[in-house]
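Contents: one structure, followed by commentary.
Basis for what follows: all heavy atoms, side chains included, without hydrogens, waters or symmetry-related copies. So that the names make sense, note that chain A is the first sequence line, chain B the second, and so on, each numbered from 1.
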Amino acid sequence: MSSAIPVRVRIAPSPTGDPHVGTAYIALFNYVFAKKNAGQFILRIEDTDRTRSTPESETAIMESLRWVGLQWDEGPDIGGPCGPYRQSERAEIYRQHVAKLVESGAAYRCFCTAERLEALRHEQRRQGLFVGYDGLCRGRTRTESETRAGAGEPFVIRLAMPRTGEIIFVDRLRGEVKFDNAQIDDQILMKTDGFPTYHLANVVDDHLMGITHVIRAEEWLSSTPKHMVLYQAFGWQPPEWIHMPLLRNADKSKISKRKNPVSLGYYRASGFLPEALLNYLGTMGWSIAGDREQFTLDEMIAVFTFDRISLGGPVFDLVKLSAMNGDYLRALDDAGVVARLRTWRLSDDYLRSLIPLARERMQRLDQFLPLTEFFFSGDLDYAPVVKDMLPKGRTPKQTADCLVTFVEALDVQRDFSPAGLEPMARAFAEKSGWATKEFFMLVRVAISARKATPPLFETMTGLGKDMARRRLRQAAEFVKRLPEPPPPTDQKTH
RNA sequence: GACCCCAUCGUCUAGACGGCCCAGGACAAUGCCCUUUCAAGGCAUGAACGCGGGUUCGAAUCCCGCUGGGGUCGCCA
């Protein structure tokens, strides 16, 4: 490549949950493209959603990205010439930029309440109309707008989209993409809380950080016109757009945690090798020439081009990933495997964390492994404990539903320590109408495939959130397949 | 529903300029071999160009339509 402008790309995750495999996927292509072109790969944390962003999530994302081996050149932790790299620390920048837009008339204050907007959308949907903001506040005079804002009335700032014409942009993988302006509504740029939305912060930062190529997931394709309008409004040169296909579930829908393990923590805990994961992700929508499918990161970088991307959304297949991981594992020498085991669950730290759970239950060292075996396993076999999976008086469906609901409740559980889990689980049982005793036994068997284990919450903590949730889900699947009991034949009950 | 994107075996994909493709590899499946067992490995089998029109001497490859799938329509990203 001989482009004069240095390539700068970024991965811009939102720290609102567990590190996502999709983030690693998009990061991979950004990283590879940057390295291929001797450019920079930047990590920017998009934490503009004050209610959902957490520092723990940010840390976990950075750890996971490091674990797979995609180290950034600039980022919130290591700094760089275009910092800060955390959007919450750039609020002032967005405020200034949005002010310019309001000044020039490219954006305007909107005083509509959330209730009005919801009613509006509801009505539009009911009538089968175009769903979007109707532009009520767009017509307000500058004086009215300023008076109301000055009086302290809450407002958001919206982008004044052109109402006619069309916007055309070039996606590197698809060519020209056209949208009719009339069907794009006035996007909110700044929320009532003074924080920017994705659209504003992203465009401003991409420009200020000198991003040359925006490599992101296809779900962003339909908001690109709004971004184009923003670039125009600021008088900036837009970057090149590259929208990667979306990773899919087996049913072809966008990959989701209900249908796939999606947390990078799960892959780490399950003993996937980062290089195998990366290799596998590299085969999702991209291919190296010929019949090859195994390649290292460096090999991918050496020959990378966007020309070899196919746009059909690839189904993420855990089975094939496992097979590939097996190939990598077998290619290691003995010492190499030992080293991997040591960085996995045979680390001193992990073993030490299990000792308090096992110590009192052991008389001899040889009992340690049988006692703790399920801490080192992946998916369990529930067939031997099938009779313990169904509490008396509960149908398979009720039981499976209970487990699934619990998994979902666990998703938003931040404190995964025993002290944090116990009250949560008790509250959950009560709310669901389950006796704590039967509920705890169900969970115990689900996460361990045993009736006797160390204390439940310590066990869950030791397993980790990702593995615990995976087991609960698998258990729910297992239970769901159990035959329903025959209908109660309550004859003569004297 | 509106708009946008996409379309090769069940899945990931190969298929540069249309002919070398009655479509290749891998995972999964099945069978056989190897083997005390289980893996691994080897061999083999079944399995796809969504449909309809064009263009062309010739199309999986180009064009159009249809169908199908997906994404987006949030004071979430």
Side-chain angles (χ1 to χ4, degrees), chain A residues 12-17 20 22-23 45-53 87 110-115 117-118 121 124-133 154-158 166-167 169 171 173-185 187-202 216-226 243-255 279-294 305 307-327 329-330:
Chain A
S14 181
T16 52
H20 199 279
T23 304
I45 297 294
E46 309 226 324
D47 55 349
T48 54
D49 184 343
R50 280 163 47 245
T51 59
R52 296 199 305 150
S53 299
Q87 290 186 328
C110 170
F111 300 92
C112 294
T113 62
E115 295 73 55
L117 296 178
E118 190 168 335
R121 271 192 290 268
Q124 287 167 332
R125 230 176 283 269
R126 196 184 65 77
Q127 293 190 31
L129 299 168
F130 162 73
V131 177
Y133 184 57
F155 61 87
V156 300
I157 293 175
R158 286 183 185 272
E166 58 186 17
I167 177 98
F169 63 90
D171 177 271
L173 308 177
R174 292 159 246 265
E176 284 192 359
V177 182
K178 238 186 275 188
F179 283 83
D180 197 341
N181 285 330
Q183 61 180 31
I184 302 172
D185 74 339
Q187 184 62 47
I188 293 180
L189 300 178
M190 187 162 280
K191 308 175 242 183
T192 318
D193 65 5
F195 273 73
T197 58
Y198 172 89
H199 305 281
L200 202 231
N202 197 264
R216 56 171 22 166
E218 185 177 352
E219 57 190 324
W220 294 110
L221 193 63
S222 46
S223 39
T224 305
K226 294 167 183 173
H243 291 92
M244 294 293 296
L246 248 21
L247 260 23
R248 310 290 182 95
N249 297 313
D251 65 4
K252 299 278 189 184
S253 58
K254 181 166 86 165
I255 195 167
N279 187 162
Y280 180 67
L281 290 175
T283 66
M284 299 276 90
W286 186 80
S287 63
I288 203 158
D291 286 343
R292 268 226 293 167
E293 61 174 15
Q294 234 181 84
T305 59
D307 299 335
R308 296 192 64 82
I309 287 189
S310 47
L311 293 171
V315 171
F316 187 89
D317 181 5
L318 209 46
V319 174
K320 178 140 188 179
L321 168 59
S322 295
M324 183 172 267
N325 200 65
D327 289 337
L329 213 42
R330 281 187 292 277

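- Minimum heavy-atom separation, A:F195 to A:R50: CE1-CD, 3.1 Å.
- Shown here, B:U30 forms a base pair with B:A44; the pair counts as Watson-Crick or G-U wobble because both key distances fall under 3.5 Å.
- Residues A:V131 and A:R248 both approach RNA chain B. Their nearest nucleotides, taken by heavy-atom distance, put A:R248 toward the 5′ side.
- By the 30° and 60° cut-offs, the orientation of the rings of A:Y198 relative to A:W220 is parallel.
- Nucleic acid contact class of A:T16 (heavy atoms, under 4.0 Å, all strands): none.
- Across all strands shown, A:S223 has no heavy atoms under 4.0 Å from either base or sugar-phosphate atoms.
- Spacing of C1' atoms, B:U35 relative to B:G41, comes out at 11 Å, to the nearest Å.
- Distance check on atom C1': B:C63 versus B:C21 gives 22 Å, rounded to whole Å.
- A:R174 comes within 4.0 angstrom of the backbone, heavy atoms only, and of no base.
- Across the interface with RNA chain B, nearest-nucleotide mapping of A:E293 and A:L221 shows A:L221 to be the residue nearer the 5′ end.
- Judged as a salt bridge (Lys or Arg N to Asp or Glu O under 4.0 Å), the pairs with a partner in residues 279-292 of chain A (not counting sequence neighbours) are, in order, A:R292-A:E299.
- Within the shown strands, nothing qualifies as a pairing partner of B:A23 under the Watson-Crick or G-U definition with both distances less than 3.5 Å.
- Evaluation of the side chain to side chain contact (heavy atoms under 4.5 Å, CB included) rule for A:E118 yields no partner, not counting sequence neighbours.
- The OG atom of A:S14 lies 12.0 Å from the NE2 atom of A:H20; values are rounded to the nearest 0.5 Å.
- Across the strands present, B:C9 finds no partner; the criterion is a Watson-Crick or G-U wobble pair with both atom distances under 3.5 angstrom.
- Of all nucleotides in RNA chain B having an atom under 4.0 Å from a heavy atom of chain A, the first and last in 5' to 3' order are B:G1 to B:A77.
- By the side-chain hydrogen bond (donor to acceptor under 3.5 Å, both in side chains) test, A:E293 is found to be paired with A:K320, residues two or more places apart in sequence or in another chain being considered.
- Across all strands shown, B:C51 forms a Watson-Crick or G-U wobble pair, both distances under 3.5 Å, with B:G65.
- Looking at heavy-atom distances under 4.0 Å, A:T48 makes contact with sugar-phosphate atoms alone, never a base.
- Judged as a salt bridge (charged side-chain N to carboxylate O under 4.0 Å, His left out), and not counting sequence neighbours, A:E166 has no contacts.
- Listed by chain and residue number, A:F155 satisfy the ring pair (Phe, Tyr, Trp, His ring centres under 6.0 Å) test with A:F111 (two or more places apart in sequence, or in another chain).
- B:C75 makes up no base pair with any nucleotide shown, lacking Watson-Crick or G-U wobble contacts both under 3.5 Å.
- Here the separation of B:G46 from B:G70, taken at their C1' atoms, is 30 Å to the nearest Å.
- Distance check on atom C1': B:C62 versus B:U55 gives 8 Å, rounded to whole Å.
- Comparing the C1' positions of B:G18 and B:G58 gives an interatomic distance of 8 Å, to the nearest angstrom.
- Within 4.0 Å of A:V319, counting heavy atoms only, lie sugar-phosphate atoms of the nucleic acid but no base atom.
- When heavy atoms are screened at a 4.0 angstrom cut-off, A:R125 is found touching the sugar-phosphate backbone but no base atom.
- A:R216 comes within 4.0 angstrom of nothing in the nucleic acid, heavy atoms only.
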